[in-house]
**Student:** 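One structure follows; several queries about it will come next.
Numbers restart at 1 for each chain; the letters A, B, ... are given by sequence-line order, proteins then strands.
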Amino acid sequence: MTEFGERVYDLVRRIPHGKVVSYGAVAALLGRPRAARGVGAALAALPDGTDVPWWRVINANGEISIRNTDHLPARQRALLRAEGVRFDRRGRVDWKRYGWNPEELGEEAAGAGRP
DNA sequence: ATGGAGGCGCACA
DNA sequence: CTGTGCGCCTCCA
């Protein structure tokens with residue numbers, strides 16, 4: 001696994017239950033503000049039974065942007081809904097309500113999370 | 001090693 | 001609001 005991929009997975013694993021983050025935000029937190037697509041590629045490479053909650057990562061519009069991979073849009077929607085994340089009629093989530101704010105997590109150097 | 005494609009994001013019509 | 005174009009970065013054949 002590449003350094004980037006590991007970091008992506010490690011960060012995504014820290015997304016709290018019932019919260020979501022955008023690809024761009026993940027990339028930015030890893031120090032690569034323009035690597036949103038890279039994040040998508042890394043997540044797309046995940047197997048179906050992964051421990052990485054890939055479904056908690058959506059695009060900046062608050063929408064599911066999967067087209068077709070091992071992971072399906074319907075599955076992502078179902079998983080999020082199961083965590084209490086509501087979608088509006090346009091299929092978008094409310095960032096104010098479900099968006100995860102890492103706050104001081106910016107530096108992974110901190111190591112453990114800090115609730 | 002190289003090329004193509006993609007779970008993005010942003011700026012501009 | 002929709003549609004296009006371009007940049008950036010990672011994955012995989």
**Student:** Once you round it to whole Å, what is the distance between P of dG6(B) and CD1 of I58(A)?
**Tutor:** 22 Å
**Student:** Do the side-chain N and O atoms of E83(A) and W55(A) include a donor-acceptor pair separated by under 3.5 angstrom?
**Tutor:**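 Their side chains do contain a donor-acceptor pair, which is all the 3.5 Å distance test asks for.
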**Student:** May I ask you to say what V39(A) touches in the nucleic acid, namely base, sugar-phosphate or nothing, with a heavy-atom cut-off under 4.0 Å?
**Tutor:** nothing
**Student:** Can you work out whether G38(A) or N59(A) has the more 5'-proximal nearest nucleotide on DNA chain B?
**Tutor:** G38(A)
**Student:** How many Å lie between CD on E63(A) and C1' on dC1(C), as a whole number?
**Tutor:**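 Roughly 13 Å, once rounded to whole Å.
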**Student:** To the nearest Å, give me how far apart CG (L29(A)) and C1' (dG9(B)) are.
**Tutor:**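 Value for this atom pair: 15 Å.
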**Student:** What is the distance, to the nearest angstrom, from the OH atom on Y23(A) to the P atom on dC9(C)?
**Tutor:** 19 Å
**Student:** I need the CG-P distance between L43(A) and dC9(C), as an integer number of Å.
**Tutor:** 17 Å
**Student:** The side chain of R67(A) lies closest to which of these nucleotides: dC10(B), dT10(C), dG6(B)?
**Tutor:** dG6(B)
**Student:** Could you tell me whether the phosphate oxygens of dT10(C), OP1 or OP2, come under 4.0 Å of any side-chain nitrogen or oxygen in T2(A)?
**Tutor:** no
**Student:** For R13(A), look at atom CZ and say whether over 12 heavy atoms of other residues, nucleotides or ligands are found less than 6.0 Å away.
**Tutor:**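 Above 12, so yes.
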**Student:** What integer distance in Å separates L30(A):CG from dC9(C):C1'?
**Tutor:**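 For the pair L30(A) CG and dC9(C) C1', the rounded distance is 12 Å.
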**Student:** Between atom CZ in R32(A) and atom C1' in dG9(B), what is the gap in whole Å?
**Tutor:** 17 Å
**Student:** With a 4.5 Å cut-off on side-chain heavy atoms, are S22(A) and N59(A) touching?
**Tutor:**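 No, side chains not in contact.
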**Student:** What is the distance, to the nearest angstrom, from the CD atom on E3(A) to the P atom on dC11(C)?
**Tutor:**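 Nearest whole value for this atom pair: 11 Å.
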**Student:** Between A35(A) and A44(A), which is nearer to the 5' end of DNA chain C once each is assigned its nearest nucleotide?
**Tutor:** A35(A)
**Student:** Paired with dT10(C): which nucleotide, if any, by Watson-Crick or G-U wobble criteria at under 3.5 Å for both distances?
**Tutor:** dA5(B)
**Student:** I want to verify a distance call: between dG9(B), dC8(C), dT10(C), whose nearest atom is closest to the F4(A) side chain?
**Tutor:** dT10(C)
**Student:** Please examine the side chains of R86(A) and D94(A), heavy atoms only from C-beta on, and report whether any two atoms are closer than 4.5 Å.
**Tutor:**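 SC-SC contact between D94(A) and R86(A) ruled out.
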**Student:** Return yes if some donor-acceptor pair links the side-chain N/O of R56(A) with the main-chain N/O of K19(A) below 3.5 Å, else return no.
**Tutor:**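 Between the backbone of K19(A) and the side chain of R56(A) there is no qualifying donor-acceptor contact (under 3.5 Å).
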**Student:** Base, sugar-phosphate alone, or nothing: which one does A60(A) contact when heavy atoms must sit under 4.0 Å apart?
**Tutor:**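 Sugar-phosphate only.
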**Student:** Among dC8(B), dG9(B), dC11(C), which is the nearest nucleotide to the side chain of A45(A)?
**Tutor:**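 The nucleotide sitting nearest to the side chain is dC11(C).
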**Student:** Go through dC8(C), dG9(B), dC11(C) for me and flag the one nearest to the R37(A) side chain.
**Tutor:**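 Among the listed nucleotides, the one closest to the side chain of R37(A) is dC8(C).
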**Student:** Counting side-chain heavy atoms from C-beta on, which of dG9(B), dC8(C), dT10(C) comes nearest to A36(A)?
**Tutor:**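 When the side chain of A36(A) is considered, dG9(B) is the closest of dG9(B), dC8(C), dT10(C).
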